[in-house]
Amino acid sequence: MRSTDRSEPIEPGLFPESALKPRAAAERIAGNAGGKARAARKAAPPKRATDDLPIARVCVDSPLPHLDRPFDYLVPIDAADSARPGTRVKVRFSGQLVDGFVLQRAAGSEHEGRLSFLDRVISPERVLTPEVARLAREVADRYAGTLSDVLRLAIPPRQAKVESAPPAEPPPPFTGAVAGEPWSRYTAGAALLRALADDRAPRAVWTALPGEDWPARLAEAAATTLAAGRGALIVVADARDLDRLDAALLAVLGSPGHHVALSAAIGPAERYRRFLAVARGSARIVIGTRAAAFAPVAGLGLVAIWDDGDDLHSDQRAPYPHARQVLLARAEQERCAAIVGGFGRTAEAQQLVETGWAIDVSAARDELRRLMPRVLTVGEHERARDPQAAAARLPTIAWRAAREALSGGAPVLIQVPRRGYLPAVSCADCFTPARCVVCSGPLSLPAADGVPFCRWCGRPAADHACPECGSRRLRAAVIGARRTAEELARAFPDTPVRTSGRDGILTSVPHEAMLVVSTPGAEPLADGGFGAVLLLDAWAFLTRADLRGTEEALRRWFAAAALARPGAPVVVVADGGLVAVQALLRFDPAWLAARELAERRELGFPPAARMAALTGPPAAVAELLALAELPPGAEVLGPVPAAEGQERMLVRTTRSAGKALALALKAAAGARSVRKAADPVKIQVDPLDLL
């Protein structure tokens with residue numbers, strides 16, 4: 001067989017350009033573009049830097065930790081006015097054009113080599129204020145992250161059409177009177193509003209009363225701050241809370257132009273339009289979900305967060321900051337007021353009170369007793385009357401409370417910790433948990449006549465047989481909200497049953513006899529309050545292997561119990577001797593928070609200490625720890641298995657050495673990125689899922 005000689009000329013009729021030399025062929029194919037480009041480069045005059053502050057210090061968009069520093073570029077004359085601090089630019093970096101933000105203009109550079117010019121200014125709009133830049137730098141250092149990662153969370157993507165649209169007219173100054181009488185029900189509540197009106201910077205941990213219209217109270221605090229000539233920023237956990245707060249602010253301010261609501265749900269264009277209204281100083285009050293904590297509010301006078309224990313406040317993208325910490329850092333930097341509010345209280349909020357950083361704003365016991373519901377538990381007396389009460393899912397005391405409320409024409413709320421029908425099943429004969437034969441994931445049953453499927457890989461398991469006894473019968477190991485609704489429909493055949501959860505969240509329900517089965521966080525409001533609240537499956541919260549399990553259980557219970565009308569029964573199906581149940585009986589979240597904080601101090605857990613979790617392949621985690629210059633006294637705990645092929649190590653240090661720990665881990669990650677290490681290591685400082 002004759003081999004093909006690649007050096008032989010190809011027939012000119014098929015590829016006429018091939019008879020030319022390679023460079024000439026390329027120019028001919030491109031229509032002489034290469035030659036024209038060279039001629040244009042020869043004809044173009046060389047770039048000249050502006051004489052006024054010719055150096056631009058740029059934060060380059062790069063995830064590599066060893067490149068987390070500003071880079072100097074020359075500012076060409078034609079960009080002297082547009083390349084201002086806070087604008088977006090394109091720069092040549094490592095042979096590529098990348099995005100960046102101008103952090104500063106300077107007269108000189110410490111770089112001894114040749115500097116490149118800014119490629120172009122993407123937009124003259126100043127979207128990064130000096131205050132937000134300082135905040136982002138502090139957040140990056142605290143969480144062992146990079147500035148570019150934090151700015152990616154803080155500043156929404158650019159929308160050119162929105163920038164080119166004419167800006168809306170700013171609203172007239174707010175001069176309305178704010179009725180803050182409801183704040184007087186709290187100790188130091190009236191003083192808090194007076195301090196905001198006097199343009200001072202009070203800091204408070206606010207425990208709301210049961211049934212409190214908390215959006216109205218926060219709206220009054222924000223309006224008082226606005227009337228004093230300062231801006232306000234309020235962060236909530238989800239879209240439902242945001243809608244309630246938006247309506248409350250509109251009612252207090254009377255005009256929609258004074259405030260904006262920021263969240264990802266409104267779409268990129270509308271979100272950027274509202275962001276620009278804040279950056280340009282038109283809107284002085286910002287409400288939103290966690291990313292709104294970085295909003296560039298002019299003249300900030302108040303930051304507030306509602307329900308800071310909700311895990312939605314913790315970002316799921318690197319460097320995983322928590323909105324509460326972002327707002328507290330902002331209050332320190334900008335010397336403004338701060339409110340941390342909720343029906344419950346976290347150990348972090350309690351620490352703010354005990355260290356003197358914030359004051360406790362809560363109601364007196366007499367006022368609390370007047371408004372709180374009547375909490376009932378499955379105690380010794382109930383067991384004597386109903387021997388099966390401890391094991392029953394709906395004991396007699398709960399059934400009786402629901403029946404009395406329904407007979408009075410009031411709705412009843414039933415909180416169930418798990419969604420779905422049967423989220424977990426087991427063998428009906430030997431009680432062995434049913435697992436997938438492919439991935440060993442837990443099997444779930446979607447409906448009474450449904451086929452079991454794996455919650456991990458989604459494979460159906462119609463022919464499942466118990467590996468221990470061979471039985472094909474299944475029983476419920478965990479009961480979900482839909483199965484609960486089905487059971488209640490049989491127990492109360494003449495009463496409508498509605499569900500509120502991931503498949504559909506109810507905003508409110510009318511004041512009429514009905515059963516509302518809800519998962520935690522999806523509880524609707526009821527006109528006049530619920531006639532009874534039943535907290536089922538308390539064990540699902542209390543048996544969680546989690547540092548925050550007890551705190552989370554009480555937070556969920558308080559949120560549901562606060563929806564009951566005064567004096568209405570709240571039945572928690574749990575032993576009254578448990579610590580969390582005792583706190584619910586007293587309706588005293590501060591008591592439990594103080595206990596939790598004391599225990600964490602003794603055990604050396606956050607927030608009494610600082611901890612970092614390192615997750616990755618064992619060799620990569622070991623390499624990072626070997627490179628890290630940990631602060632004196634730092635403890636390395638672990639390893640423990642994580643995902644498949646990965647492990648987790650914990651590094652613990654004192655609160656005062658927390659920043660040093662984060663910087664040491666970041667430097668070690670930078671050293672690994674310089675070496676181009678193949679396996680990444682996930683670094684999380686003070687993660688919520690610590691255990």
Side-chain angles (χ1 to χ4, degrees), residues 33-141 145-160 163-164 272 275-276 279-280 294 296 666-667 670 673-674 676:
K36 292 179 181 179
R38 286 196 303 276
R41 284 196 297 270
K42 290 180 180 179
K47 283 187 176 181
R48 287 185 53 201
T50 179
D51 295 329
D52 183 26
L53 302 177
I55 305 299
R57 296 205 166 95
V58 178
C59 170
V60 177
D61 187 6
S62 171
L64 300 177
H66 72 280
L67 299 178
D68 185 30
R69 58 183 178 86
F71 290 87
D72 290 350
Y73 287 86
L74 291 172
V75 180
I77 293 179
D78 57 355
D81 296 330
S82 58
R84 299 176 297 167
T87 56
R88 307 177 197 255
V89 293
K90 284 278 188 183
V91 295
R92 182 72 59 177
F93 191 79
S94 297
Q96 296 180 333
L97 279 177
V98 299
D99 295 328
F101 289 96
V102 177
L103 300 177
Q104 184 184 5
R105 290 278 294 272
S109 173
E110 297 179 357
H111 183 67
E112 297 179 355
R114 180 182 175 185
L115 294 178
S116 300
F117 280 88
L118 297 176
D119 185 79
R120 69 178 184 274
V121 178
I122 297 176
S123 167
E125 194 76 47
R126 302 179 71 175
V127 293
L128 177 61
T129 64
E131 294 81 9
V132 174
R134 288 197 302 271
L135 175 68
R137 179 74 272 169
E138 181 172 338
V139 171
D141 291 343
T146 64
L147 179 61
S148 61
D149 279 343
V150 178
L151 293 181
R152 201 174 298 118
L153 303 176
I155 301 176
R158 178 177 180 253
Q159 303 290 321
E163 282 188 358
S164 60
Y272 193 62
F275 178 85
L276 287 184
R280 293 167 177 171
F294 295 96
K666 178 181 171 182
S673 69
V674 169
K676 298 183 178 179

For [X], check side-chain hydrogen bond (donor to acceptor under 3.5 Å, both in side chains) against everything at least two apart and list the hits.
X      : answer
Gln159 : none
Arg105 : none
His66  : Ser673

Mind checking whether [X] and [Y] have side chains closer than 4.5 Å, heavy atoms only?
X      : Y      : value
Val60  : Val98  : yes
Val127 : Leu276 : yes
Phe294 : Val139 : yes
Tyr73  : Val89  : no
Ser109 : Leu115 : yes

Between [atom1] of [X] and [atom2] of [Y], what distance do you get to the nearest 0.5 Å?
X      : Y      : atom1 : atom2 : result
Cys59  : Leu151 : SG    : CG    : 5.0 Å
Phe101 : Leu147 : CZ    : CG    : 9.5 Å
Ser148 : Leu64  : OG    : CG    : 8.5 Å

Between Leu118 and Val91, does a side-chain contact (heavy atoms from CB on, under 4.5 Å) hold up when you go through it step by step?
CA-CA 5 Å; Leu118 297 176; Val91 295; 3.6 Å; yes
Which pairs, with at least one residue in residues 86-95 and sequence neighbours excluded, count as a salt bridge (Lys or Arg N to Asp or Glu O under 4.0 Å)?
Lys90-Asp99
With [X], which residues qualify under salt bridge (charged side-chain N to carboxylate O under 4.0 Å, His left out), at least two apart?
X      : answer
Arg120 : none
Glu163 : Arg158
Arg152 : Asp61, Asp149
Arg137 : Asp68, Asp141

Before you tell me yes or no, could you show the steps for Leu103 and Leu128 under side-chain contact (heavy atoms from CB on, under 4.5 Å), namely the whole-Å CA-CA distance, both residues' side-chain angles and the distance that decides it to 0.1 Å?
CA-CA 8 Å; Leu103 300 177; Leu128 177 61; 3.8 Å; yes
What is the minimum heavy-atom distance between [X] and [Y], and which atoms define it?
X      : Y      : answer
Arg57  : Pro70  : CB-CB, 4.2 Å
Tyr272 : Pro156 : CD1-CG, 3.9 Å
Ser62  : Thr146 : O-OG1, 4.3 Å
Asp51  : Pro54  : O-CD, 4.1 Å
Phe275 : Pro296 : CE1-CD, 3.4 Å
Ala107 : Leu53  : N-CD2, 3.8 Å

Name the atoms and distances for all side-chain donor-acceptor pairs under 3.5 Å in residues 74-83, with sequence neighbours left out.
none

Using the test side-chain contact (heavy atoms from CB on, under 4.5 Å), find all partners of Arg126 that sit at least two apart in sequence or belong to another chain.
Arg84, Pro85, Thr87
Ring pair (Phe, Tyr, Trp, His ring centres under 6.0 Å) pairs touching residues 102-126, sequence neighbours excluded, are none
Residues which pass ring pair (Phe, Tyr, Trp, His ring centres under 6.0 Å) with Phe71, listed by chain and number, not counting sequence neighbours:
Phe93
